[in-house]
Protein chains: 2
Amino acid sequence: MATSTKKARKSADADDMMDAKAVNDGSVASAADRVSETILQGIRAGAFVPGQHLLEPDLTRRLGISRGSLREALKHLAAAGIVTLNRFRGAYISTLDRKSVLDLLDTLEPLARLGARLAAENCGTDAQRKRMQLAAANIDAATKERNRGLYLDRRRQFYDAMIDIGGNMELARAMPLSRTDLFRAQVETIQTERQRMLHASGYAKITKAIVENDPVSADKAVKKHFDGTRKTIHELPPHAFPSLEI
Amino acid sequence: MATSTKKARKSADADDMMDAKAVNDGSVASAADRVSETILQGIRAGAFVPGQHLLEPDLTRRLGISRGSLREALKHLAAAGIVTLNRFRGAYISTLDRKSVLDLLDTLEPLARLGARLAAENCGTDAQRKRMQLAAANIDAATKERNRGLYLDRRRQFYDAMIDIGGNMELARAMPLSRTDLFRAQVETIQTERQRMLHASGYAKITKAIVENDPVSADKAVKKHFDGTRKTIHELPPHAFPSLEI
DNA sequence: TCCGTCAATATCGTCTGACGATTTCGTGTG
DNA sequence: CACACGAAATCGTCAGACGATATTGACGGA
């Protein structure tokens, strides 16, 4: 819904939001990429909720793109596990049960620890230190503001900064951050205030270790962060993980 | 009462729904998926080499599908880092330089170690043990046969078995196995016989630890395996990593 | 009344054809 | 021989169409 749909066809594409992730030769994002980003953003902001049914005709109208481009985007998101496609029945925002979330954490943790170690080894310039500290401060601010969409955006930016500084671009490809956004969106609304604040404080510790060029501490800080998240997941009530009865 | 009866009817149909869903889940792959698999298989077999130019008209003719479906597949492969798309200039099979390969190994290693640990913890039935041992034996046979395509296929099957037994499906999503196929295809032709045999022997050690339910040894075996691969990469001559053409 | 059968509808997967935008390259001209 | 210009090649996107399948609601019989 974020699109005010001034649009019509052949928009000027002056939409230069400087998507830094583009490893492409500076070309504009494709229509499918814009749709993917819009949907991911919608998930972070709560406009799309897990389990929601996505209709192609509806989305093509609302996003002002053709069915082909939309299908490319949905296919991409399905490959990343963000939506699930059912033949003849449409696309749904994926829902994660408790086991999937814990599995996801087990998978993400070693990658995050590697990313933190590399960032700690590689954080040499003032600009890099500044960037990490700003990212951490931004997360903190969003948490205090209780703005979920903003928090999830800035959490993403934090990881992006960490990976960027670490200098291992394969990590960016492998880390299932979008899928994590999905699970964060699911639990963010029902975890307790204490859990939320505790979680947010973890980023500050990781940042401290990174800017001090202490890979061992950075690794440990990430481990603690994930241990805390696992504890939170175990404490959540069953209704946090909707079982889909299509 | 009315609502109650309605729900009852739905419940009664639950069995049928499950059945239908199960059947549906095993449905045919989409055209785009078939194309992706064909291209990946072609890379493993050597029919497509890194740096090769992929023309849409040519591929649509050879694969017998429409441009739309082909583009879906190429987009998918591009997201996985298998091909790179250049606006107005076509798609190319990606090439990996030495740093990218080492970064890829750094990223894959912790995931492979996690997968091996989980498999070792979870390998409880004879069928599972048999599957792992068969996968390892198959790799060995393909190595001795010097059949590169077969070796890469079976290497993939080995990882699939390990992940399957481990029971963490998020791992399957996150592990950049296809991208590793790419790098394997690049180096497989020029590494020495000793390197090749040494590498193949690693799978046997990993398998042994897994079937003996020894997660610590499994983790160590994977680590050694990756250390060996890194050594091989460092020993390779520069021409193994083509600098970007054009 | 309740249940099974059957047609209408909704939705997806795929194909074909078209148009504009941009790069690449061959050819003609000075 | 250098340079400019136009044709060809190629990609990104769109619109419309067709068949296949699931869902749904109506109809008739026990």
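Labels below follow one simple rule: chain letters A, B, ... track the order of the sequence lines, proteins then strands, and each chain is numbered from 1.
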ask   = Is the NZ atom of A/Lys130 crowded by more than 12 outside heavy atoms at less than 6.0 Å?
value = no

task = For B/Leu54, answer base if it contacts any base atom (sugar-phosphate contacts may also be present), sugar-phosphate if it contacts only those atoms, and nothing otherwise; contact means non-hydrogen atoms under 4.0 Å.
result = sugar-phosphate

ask   = Reckon B/Gly90 touches a base, only the sugar-phosphate, or nothing at all at heavy-atom distances under 4.0 Å?
value = sugar-phosphate

Can you measure [X] atom [atom1] to [N] atom [atom2] for me and round it to whole angstrom units?
X: A/Arg71; N: D/dA15; atom1: CZ; atom2: P; value: 16 Å
X: A/Arg87; N: C/dA10; atom1: CZ; atom2: P; value: 20 Å
X: B/His53; N: C/dT23; atom1: NE2; atom2: P; value: 14 Å
X: B/Glu56; N: C/dT16; atom1: CD; atom2: C1'; value: 15 Å
X: A/Ile65; N: D/dT13; atom1: CD1; atom2: C1'; value: 10 Å
X: B/Lys75; N: D/dT13; atom1: NZ; atom2: C1'; value: 11 Å
X: B/Leu85; N: D/dG12; atom1: CG; atom2: C1'; value: 11 Å
X: B/Arg61; N: C/dC15; atom1: CZ; atom2: P; value: 16 Å

key: Presence of A/Arg89 side-chain N/O under 4.0 Å of D/dT23 phosphate oxygens OP1/OP2   = yes

message = Taking only side-chain N and O atoms of A/Ser69, does any of them lie within less than 4.0 angstrom of OP1 or OP2 on D/dC14?
response = yes

Nucleotide nearest [X] when distance is taken to its side chain, options [options]:
X: A/Phe88; options: D/dT10, D/dA20, C/dT14; value: D/dA20
X: B/Leu55; options: C/dG13, D/dT10, D/dT13; value: D/dT10
X: A/Ser66; options: C/dC15, C/dG13, D/dT13; value: D/dT13

note = Contacts of B/Arg67 and B/Gly64 projected onto DNA chain C by closest heavy atom; the upstream (5') one is B/Gly64

request  = Report the relative orientation of the aromatic rings in A/Tyr92 and A/His53; use parallel for angles under 30°, tilted for 30 to 60°, perpendicular for over 60°.
outcome  = parallel

key: Side-chain donor/acceptor of A/Ser94 to backbone N/O of A/Ile82, under 3.5 Å   = yes

query = In a check of side chain to side chain donor-acceptor pair (under 3.5 Å) between A/His199 and each of A/Arg184, A/Gln191, A/Arg155, which one passes?
reply = A/Arg184

task = Give a yes or no on whether a salt bridge exists between A/Glu109 and A/Arg230, defined as a side-chain N under 4.0 angstrom from a carboxylate O.
result = yes

